[in-house]
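For the single chain, residues carry numbers from 1 onward in sequence order.
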Amino acid sequence: MKKKAKFQTPKSPLQIKKSRQHSFICSTFYCLCTCVMMSLLASQPVFAATTLWQKANEIMKDVYGQIVLISTIAAIVTASVALLMMNFSRSGKTVDESRAWLKRICITWVVLNGLGFIMAYVTPFFSDGKWTG
């Protein structure tokens, strides 16, 4: 016994529009889920590597190293200029100003490197808010 083919009525434009909206929503949801899953799979090793604080500490040490490098070069150049002005000047006022600038340059350089010393050698004694020395 063969079944009779059911007569299908043609779809109205409203039914076609709803069908397209439904298909668009489903495909959009599928793409969204796929993108989220792929990003989670791709980023897993990054999250497992280090914590936020370890990475921030690493970045701050790098930035501080660059600052010390640049300040050392600037201090050497400006101290050289101050020493040249002090040695080859005929005016007592210029010699006094050069000596004052040389003193400021040395103090600033010592302070910048002192901060690095404190961060590198003193702060580990106070880890977790307790003296560990």
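- Residues I67 and I59 share a hydrophobic cluster, clusters being chains of Ile/Leu/Val/Met/Phe/Trp/Tyr side chains in contact below 4.5 Å.
- In this structure, CG in L83 is found 10.5 Å from CZ in R99, a value given to the nearest 0.5 Å.
- Residues A82 and S98 share a closest heavy-atom pair of O-CB, 3.5 Å.
- Distance check, rounded to the nearest 0.5 Å: OH of Y30 to SG of C35 gives 10.0 Å.
- Of all heavy-atom pairs between I76 and S80, the closest is O-OG, 2.7 Å.
- Between A75 and W109 the shortest heavy-atom distance is CB-CD1, 3.9 Å.
- The two atoms that bring V95 and S89 nearest to each other are CG2-CB, 4.1 Å, heavy atoms only.
- M60 and Y64 fall into different hydrophobic clusters, where Ile, Leu, Val, Met, Phe, Trp and Tyr are joined by side-chain heavy atoms under 4.5 Å apart, directly or via other members.
- The distance from atom CG of L102 to atom CD1 of I107, rounded to the nearest 0.5 Å, is 10.0 Å.
- Note that CG of L32 is 7.0 Å distant from CZ of F29, once rounded to the nearest 0.5 Å.
- M86 contributes atom CE, which lies 10.0 Å from atom CG of D96 (distance to the nearest 0.5 angstrom).
- A salt bridge between E58 and K55 is present, with a side-chain N of the basic residue lying under 4.0 Å from a carboxylate O of the acidic one.
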